[in-house]
Amino acid sequence: MSDTSPVHTELDTIVDALEEGKRKKLRKLLRGMHPGKVASLLEALDVERRVMVWQHLREEDETAVVPYLDPLVAAALQRDADDADLAELDEEAAAAITDIRHVREALEEGRYKRVVKLFKQMHPAKSAGLLESLPPEERSTVWEMLSSERAGKILVHLHEEVRVRLAQEMDQEDLFAAVRKLDLDDLVDLIQALPSGAGREVMLSMDVATRKQLVSMLSYPEDSAGGLMNIDHLSVRADVRVGSVLRYLRLLEDLPDHTDKVMVVDRKNRYQGVLRLSRILTSDPEAKVEAVMDAEFQPLPVQMPSREVARRFEDLDMLSAAVVDDHGVLLGRITVDDVLDIIREESRSTMMHMAGLDDEADMFAPVLKSTLRRSVWLGINLITAFLAAWVIGQFQGTLEQIVALAVLMPIVASMGGIAGSQTLTLVIRGLALGQVEGGNARVLLGKEMGIGLLNGLLWALVVAVLAYVWFGSWQIGGIIGAAILLNLLCAAFSGLAVPLVLRKFGIDPALAGSVILTTVTDVVGFFVFLGLATLLLI
């Protein structure tokens, strides 16, 4: 009796957790048990409850439990009816697999194995996007069900805030198991995103050689070539024969991802050039590497900013490039997948910053936290709105006498705001791509002012005629036309000057540019329009 009593106690606990809907508690109980004990508990349950408990086992736990189960019970549990559903989804469309509706329905029905299979069919990047689309509670449920290997691959694709939160939810051993199979560059990104204590623990869990490599890679700024590089490169010396290089490559079990060239170095590991795989295959095996290598292919300095790295890859259509230190010593390489990540992050960051949002924030972050983030920019906008209102208030007497001015006033501000935003967007893009510098800014200013002048004349005439038709006054039409012309010229100048000035002071133009520009065009538009009306009509 003493041998079976603990089993019955744990069985009651499992049943209670099932009936009370405490899924997290149930999964924690199952993971803390020996696989043999889990198998005994499953066999002691009725069929319906057995299936429900089975749904809460992770893939690796399932593999460990199956050998202890009765073969008939194991076969019944592993016979998953969701396979047909998944095939059906594949036939409908590959995109349907990532549909949040299918995942949420499966979660509501308690079909967790189906969810795991759905995530297993997706690329880790798509899995990360789907996880971020789930509310926090459902996200945690899915996360607990994923295998450590799958979780590690997904972690590197998550936005920073979500990544940190999910990593903190993992048991320490599960986290270590999840990150051990990551590429070094992905592991560096993850360590940099984790809180310092968790990052340190992850590093200490690695072997000595890997730890030394991580310390070296973490010594470089995150937004530099050193922070992007990986050390999984192939290198040969210039004095060996091409045939020897080919035999060396054949001996390797696998080539590093995106390998299109082999780095050529001297005896002190100093960069000499590259030997492309195409040349290895087509050159005379007896030829020396130095005779067929590309010595003109320039490496990337380790301190080069990541934006400049992305621009170099884009301009030269590169798949990979060597990274060297100040003495020309080969340190590693950067591959096109890392550069695509930079370009995507820059684009997303710019879009979010223009709305005053954090691009790494969780869309399901707590209400209070999100409110505090957004309130800062709402407060700044309120200050600028009061500034525009103050300018209008200086002409209160004029507005009281001529009501038509109040009707037409928004047109002046709106036209200036749109024109300024066009120039601002163009300049911010040019700054990001390195196409706008001090040398050509004056030429670009002349071009934008010319556009502002022509657009100003055109739309000033159109609005003036419409104002005359509406209110029957050529004076009001002339005043609003002049105000629009002057405001469009001001918008063109501000759209160029504001991002350049912000950049000079180390402020992201995408973050603050639109707020400042809107303030300038509103204030100038209102002041010019109402000021002219006061001078000419009162």
Side-chain angles (χ1 to χ4, degrees), residues 350 354-355 381 384-395 398-399 402 404-431 435-436 440-471 473-503 509-510 512-537:
T350 299
M354 291 185 78
N381 184 70
T384 61
F386 267 110
L387 178 60
W390 176 81
V391 171
I392 295 171
Q394 302 307 301
F395 300 95
T398 304
L399 288 169
I402 307 174
L405 299 178
V407 177
L408 296 173
M409 194 167 56
I411 298 175
V412 180
S414 176
M415 293 291 286
I418 294 297
S421 296
Q422 291 173 339
T423 303
L424 180 74
T425 303
L426 180 70
V427 174
I428 289 176
R429 176 182 176 276
L431 289 171
Q435 296 174 339
V436 177
N440 63 2
R442 187 171 299 177
V443 178
L444 183 58
L445 175 62
K447 175 221 169 187
E448 291 300 315
M449 292 295 286
I451 294 172
L453 177 62
L454 293 177
N455 266 328
L457 290 171
L458 170 64
W459 295 109
L461 179 61
V462 171
V463 174
V465 171
L466 292 175
Y468 169 73
V469 173
W470 193 349
F471 296 102
S473 172
W474 278 114
Q475 287 179 304
I476 292 178
I479 289 170
I480 192 172
I484 286 177
L485 173 60
L486 292 174
N487 203 22
L488 260 62
L489 289 172
C490 174
F493 177 81
S494 301
L496 180 68
V498 167
L500 290 176
V501 171
L502 290 175
R503 183 73 170 264
S514 59
V515 176
I516 296 175
L517 177 69
T518 302
T519 303
V520 171
T521 55
D522 284 354
V523 169
V524 170
F526 294 148
F527 182 81
V528 171
F529 181 50
L530 296 176
L532 288 174
T534 302
L535 288 174
L536 300 176
L537 299 179

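If you read the sequence from its start, that first residue is 1, and numbering goes on from there.
- With a 4.5 Å cut-off on side-chain heavy atoms, I480 and M409 do not count as touching.
- The shortest side-chain heavy-atom distance between F529 and N487 does not fall under the 4.5 Å cut-off.
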Checklist entry - Where do L445 and F493 land on the side-chain contact (heavy atoms from CB on, under 4.5 Å) test, with the steps shown first? => result CA-CA 7 Å; L445 175 62; F493 177 81; 3.8 Å; yes
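- Classified by interplanar angle (parallel below 30°, tilted 30° to 60°, perpendicular above 60°), the ring pair W474/Y468 is parallel.
- The two residues L517 and A491 have their closest heavy-atom pair at CD1-O, 4.2 Å.
- The minimum heavy-atom distance linking S494 with V520 is given by the pair OG-CG1, 3.3 Å.
- When all heavy atoms of L488 and A419 are compared, the pair lying nearest together is CG-CB, 4.0 Å.
- Of all non-hydrogen atoms in G495 and V427, the two that sit nearest each other are O-CG2, 3.9 Å.
- Residue I479 forms a side chain to side chain contact (heavy atoms under 4.5 Å, CB included) with just one option from L535, I484, L532, and that option is L532.
- Here the CG atom belonging to L424 is positioned 10.5 Å from the OG1 atom belonging to T521, to the nearest 0.5 angstrom.
- Smallest separation of non-hydrogen atoms from P499 and I428: CB-CG1, 4.3 Å.
- The shortest side-chain heavy-atom distance between L408 and F471 falls under the 4.5 Å cut-off.
- A distance of 10.5 Å separates CG of L387 from CZ of F526, quoted to the nearest 0.5 Å.
- Every residue two or more places apart in sequence or in another chain was checked for a side chain to side chain donor-acceptor pair (under 3.5 Å) with T519, and none qualifies.
- Considering V528, T518, V391 in turn, V391 is the only one that fulfils the side chain to side chain contact (heavy atoms under 4.5 Å, CB included) rule with V523.
- The two residues A467 and G477 come nearest to each other via the heavy atoms CB-CA, 3.9 Å.
- Between L461 atom CG and L485 atom CG the span is 11.5 Å, to the nearest 0.5 Å.
- How far CG of L426 is from NZ of K447: 5.5 Å, rounded to the nearest 0.5 Å.
- L444 contributes atom CG, which lies 5.0 Å from atom CD of E448 (distance to the nearest 0.5 angstrom).
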Checklist entry - Going through the distances and angles, do L537 and T398 end up as a side-chain contact (heavy atoms from CB on, under 4.5 Å)? => result CA-CA 9 Å; L537 299 179; T398 304; over 6 Å; no
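- A donor-acceptor contact shorter than 3.5 Å is absent between the side chain of D522 and the backbone of A388.
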Next on the checklist: Run Q475 and L536 through side-chain contact (heavy atoms from CB on, under 4.5 Å) and show every step you take.
Outcome noted: CA-CA 8 Å; Q475 287 179 304; L536 300 176; 5.7 Å; no
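- The 12-atom threshold is not exceeded at CZ of F527, counting heavy atoms of other residues, nucleotides or ligands nearer than 6.0 Å.
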Checklist entry - F395 and L405: side-chain contact (heavy atoms from CB on, under 4.5 Å), yes or no, with the steps? => result CA-CA 10 Å; F395 300 95; L405 299 178; over 6 Å; no
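- From T534, atom OG1 reaches atom CD of Q394 across 10.5 Å, with rounding to the nearest 0.5 Å.
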